[in-house]
> 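Here it is, the structure in full.
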Amino acid sequence: MTDDFINHFFKVVAETMKPVLNSWGAGDLAENYTLEPASKRGHGDLATGIALVAASRLKRPPRELAEKLISVMRANNELSNLARYEVTGPGFINFFLNDGALMEAVHDSLALGAGFGSVTPAARSRKILLEYVSANPTGQLHVGHARYAAYGDSLKRIIEFAGYRFCREGPLEAADVTAEFYINDYGSQMNIFGRTLAARYAEALGMPAKFPEDGYRGDYPRHLAALIKEEIGDELAGQVSPSASPSAVDFFKQRGCEIVLTEMRNLLQQFRVRFDSWFSEASLYESGQAAAAIDELKTRKQTFDKEEALWLKTKARGDDKDRVLIRSGGEPTYFASDIAYHSQKLARGFDRLINIWGADHHGYVRRMQAAFAALSHDPDKLEIVIGQLVNLVEQGERKQMSKRAGTMVTLEELLGSIGVDAARFFLVDRSHDSTLDLDLEKAKQKTEENPVYYVQYAHARISSILRRAIAENIPASKPHGDSLERQERELILHILWFPATTAAASTTHSPQRLTAYVRELAASFHVFYHNCPVLKAEPAQAAFRLELCRLTRNVIARSLDLVGVSAPERM
RNA sequence: GCGCCCGUAGCUCAGCUGGAUAGAGCGUUGGACUACGAAUCCAAAGGCCACAGGUUCGAAUCCUGUCGGGCGCGCCA
């Protein structure tokens, strides 16, 4: 897209200051200075502390430098048409944007349509593989998974909209994001799962069965076994009682996994979390890629044998200790297939791999990075984001969430009790590196206080105004002349920061920037609404305010969409 | 013991990657519907930004240490 207003203003100011900055030997500041919203009324609309930064470097008084910068700004007509400026406090330069410029900015932003706040589409965009949730296909998704699902899906939307920064300090670039769910359908957990289902199946047939020692408790495996029983009847009755045959275990493992994945898929779809790809861990063994990765590590002399196991030399690459690839019993570890998986991702042509892992896996980060390096992959291509956990709170007490103990709130229950919009907003609204306490009873009671409704209400309210404008045949048009009310100015300023907000949300991987932003935007609108009549204003003003309303509605709807929340026209 | 995350209003949390007098929601108190949707708005009260140092024009933000909480430190995944 063409530059948004803030970006444009930044560049005009930079160009204007550049000759002076160069003469001071500080030309680099022209690209690196910060322009920010002025925090308090009386400080103008935008502010920069560039003179303060320059002052400490040049050992000269900041106010003197600020005055000098302002004097060249005065000589620039384009800039003077946009704003007036003054030096305050220790040497800040404050910009007071002209009403006319703000009105133009509204018009121009609206004209950008979906491009407002978005990265310029590239002819050939880079490819990102974003992996998240990746739950074992042995049970139900719980609120912990829900948090990563909401976070990961929002991040995908945000990166695709705002772009991604591939190099430190580099620009945001257009990117295609493939969202992938890694299915851990291999290994001992799966065998236990198969044996559990076989036992529950036998029970369902009224036959005696030995429940496996580490079997999966709870009702869910019974539910799966019942479904399978409906499919096959008593066909396998002879193979499961009193204990299951290997082929029966295999069957239950596979069929159970399929059912679980189908249910997960449906549930995630309801949650508006869309995966582009589901990748099976077991397929790495079937295709030989797991073995190939291990061979390659051997060839590169990155492994050694000890106590009948095969180890990878990760300690030399920053890990706390060396790690086992193949157990003394001959079985490969999860780590081994994960290494193959990561190589495989790169082989598929992705420029960047982003993994979202729970905090309970952070100890695994170093070893993965070490393995990555051991294969001479570019370390910058692997980015691991750690998300903190969700704790359950019941009657004020924290409880560990556990499948086995049954203290677990499923995604299904969460959706049933508070709905998709409230759940997504709630889960993404707090920083992903803070632990989240969830009290389901409170969440149910407090659903109506969820800030999502405050925002959606603003959207519905605007929609209502726009509907009436059409019904009453009041045109929206390009503004001319009039000055702006304070509430209009504040609303416009909020809107103009939208592109910077999407950019920041992307570079810092923080969807919560958007929830915070859209909440403030809705607040600005509500204040505007109470002070500035739209339909009942005189025609020229009504026309402009209708444009402002349309722009506000677009930005609210877009912000909500970027975190997977709906923007209803009526509620 | 070591590593990562967190500590901000009574409660739940923001704080734009160093800026001016630290913000919102809930809760409390008091106001505003014969004006486009009161799921809204206005006002008041509420703070040693865990603590101690350091970096600099300037720190809730960066660095070091202490205290408190969470998570991890398997030939589990």
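Naming convention: chains lettered A, B, ... in sequence-line order (proteins, then strands); numbering from 1 in each chain.
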> Just to be sure I understand the rule, does A:Val53 reach a base, reach only the sugar-phosphate, or reach nothing, if contact means heavy atoms closer than 4.0 Å?
base
> Is the phosphate of B:G37, meaning OP1 or OP2, less than 4.0 Å from a side-chain N or O of A:Ser464?
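So the side-chain polar atoms of A:Ser464 do come within 4.0 Å of the phosphate oxygens OP1 or OP2 of B:G37, strictly under.
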> Starting the side chain at C-beta, find the nucleotide from B:C41, B:C57, B:A20 nearest to A:Leu52.
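Among B:C41, B:C57, B:A20, the one nearest the side chain of A:Leu52 is B:C57.
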> With both distances kept under 3.5 Å, what pairs with B:U64, Watson-Crick or G-U wobble?
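Base partner found: B:A52.
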> Pick out which of A:Trp357, A:Tyr151, A:Tyr132, A:Tyr148 makes a ring-ring contact (aromatic ring centres under 6.0 Å, His included) with A:His432.
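Among A:Trp357, A:Tyr151, A:Tyr132, A:Tyr148, the one meeting ring-ring contact (aromatic ring centres under 6.0 Å, His included) with A:His432 is A:Tyr151.
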> Can a salt bridge be assigned to the pair A:Arg60 and A:Glu64 using a cut-off of 4.0 Å between side-chain N and carboxylate O?
yes
> Could you please name the option among B:C16, B:A20, B:G37 that lies closest to any side-chain atom of A:Phe92?
B:A20
> Is B:C33 paired to anything, Watson-Crick or G-U wobble with both distances less than 3.5 Å, and if yes, which nucleotide?
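Answer to the pairing question: none, since B:C33 forms no Watson-Crick or G-U pair.
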> One thing to verify: whether A:Lys345 and A:Glu131 come together as a salt bridge, which I'm taking to mean a side-chain N less than 4.0 angstrom from a carboxylate O.
yes
> Could you tell me whether A:Arg545 and A:Glu488 make a salt bridge, using a distance below 4.0 angstrom between a side-chain N and a carboxylate O?
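Judged by the 4.0 Å cut-off on N to carboxylate O distance, A:Arg545 and A:Glu488 do form a salt bridge.
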> Does A:Arg367 make a side-chain N or O approach to OP1 or OP2 of B:G74 shorter than 4.0 Å?
no
> Looking only at side-chain atoms of A:Arg430, point me to the closest of B:G74, B:U12, B:G19.
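Nearest nucleotide to the side chain: B:U12.
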> Name the nucleic acid region contacted by A:Tyr454, choosing base, sugar-phosphate or nothing; use a 4.0 angstrom heavy-atom cut-off, strictly under.
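Counting heavy atoms under 4.0 Å across all strands, the contact made by A:Tyr454 is with sugar-phosphate only.
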> Between A:Asp429 and A:Arg519, is there a side-chain N and carboxylate O pair less than 4.0 Å apart?
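The answer is yes: the pair qualifies as a salt bridge.
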> Would you call A:Glu569-A:Arg553 a salt bridge at under 4.0 Å N-O?
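Salt bridge: yes.
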> Within the 4.0 Å heavy-atom criterion, would you say A:Ala47 contacts the bases, only the backbone, or no part of the nucleic acid?
base
> Which value, in whole Å, describes the distance between the P atoms of nucleotides B:U17 and B:A9?
23 Å
> Using atom C1' of each nucleotide, how far apart are B:G31 and B:A45 to the nearest Å?
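Taking atom C1' in both B:G31 and B:A45, they lie 15 Å apart.
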> Base, sugar-phosphate alone, or nothing: which one does A:Gly187 contact when heavy atoms must sit under 4.0 Å apart?
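No contact.
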> Among B:A14, B:C36, B:A39, which nucleotide sits nearest the side chain of A:Ser434?
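Nearest to the side chain of A:Ser434 among the choices is B:A14.
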> Need the pair for B:U21. Rule: Watson-Crick or G-U wobble, both distances under 3.5 Å, any strand; none if unpaired.
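B:U21 is unpaired by these criteria.
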> If we take the P atom in both B:C49 and B:A32, what is their distance in whole Å?
37 Å
> Roughly how many Å apart are B:U21 and B:C62, using the C1' atom of each and rounding to a whole number?
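23 Å, rounded to whole Å.
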> Give a yes-or-no answer on whether the side chains of A:Asn136 and A:Thr138 include a donor-acceptor pair shorter than 3.5 Å.
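There is no such pair (donor and acceptor under 3.5 Å, judged by atom type) between the side chains of A:Asn136 and A:Thr138.
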> B:C75, B:A77, B:A39: which one has an atom nearest the side-chain heavy atoms of A:Ser328?
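Closest of the options to the side chain of A:Ser328: B:C75.
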> Write down the distance separating the C1' atoms in B:C13 and B:U29, rounded off to the nearest Å.
23 Å
> NA contact type, A:His526, heavy-atom cut-off 4.0 Å: base, sugar-phosphate, or nothing?
sugar-phosphate
> Measure from the side-chain heavy atoms of A:Asn391 and tell me the nearest of B:A38, B:G70, B:A35.
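Of the options given, the side chain of A:Asn391 lies nearest B:G70.
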> When you measure from the side chain of A:Val324, which nucleotide among B:G70, B:A77, B:C75 comes out closest?
B:C75
> For B:G18 versus B:C76, give the span between their C1' atoms, rounded off to a whole number of Å.
44 Å
> Of the listed nucleotides (B:U40, B:G70, B:A77), which one gets closest to any side-chain atom of A:His361?
B:A77
> Assign each of A:Lys306 and A:Ala359 to its nearest nucleotide of RNA chain B by heavy atoms, then name whichever residue's nucleotide is nearer the 5' end.
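Upstream on the strand: A:Ala359.
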> Tell me if B:C11 is syn or anti. Syn = glycosidic torsion within 90° of 0, anti otherwise.
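Anti for B:C11; the angle lies over 90° from 0.
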> Can you tell me the Watson-Crick or wobble partner of B:A44, both distances under 3.5 angstrom?
B:U28
> My understanding is that a pair needs two contacts under 3.5 Å, Watson-Crick or G-U wobble. By that rule, which nucleotide pairs with B:G72?
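In the structure as shown, B:G72 has B:C2 as its Watson-Crick or wobble partner.
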> Categorize A:Arg519 for me: base, sugar-phosphate, or nothing, with a 4.0 angstrom heavy-atom threshold over every strand shown.
nothing
> Does A:Lys313 come within less than 4.0 Å of A:Asp319, counting only side-chain N to carboxylate O?
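Salt bridge absent between A:Lys313 and A:Asp319.
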> Which part of the nucleic acid, if any, lies within contact of A:Ala460, taking any heavy atom under 4.0 Å across all strands shown: a base, the sugar-phosphate backbone alone, or nothing?
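Base: the residue A:Ala460, judged by heavy atoms under 4.0 Å, touches a nucleobase.
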> Using the P atoms only, state how far B:G46 lies from B:A52, rounded to an integer number of Å.
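Straight-line distance between the two P atoms is 23 Å.
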> Of A:Tyr453 and A:Gly363, whose closest RNA chain B nucleotide lies nearer the 5' terminus?
A:Tyr453
> Choose from B:C57, B:C41, B:A14 the nucleotide whose nearest atom is closest to any side-chain atom of A:Ser431.
B:A14
> Would you measure the distance from the P atom in B:C41 across to the matching atom in B:G25 and give it in whole Å?
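Between the two P atoms, the distance is 8 Å.
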> Pick base, sugar-phosphate or nothing for A:Val527, based on heavy-atom distances below 4.0 Å to the nucleic acid.
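Here A:Val527 touches the backbone only, sparing every base.
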> To the side chain of A:Pro37, which of B:C75, B:C16, B:A20 is closest?
B:C16
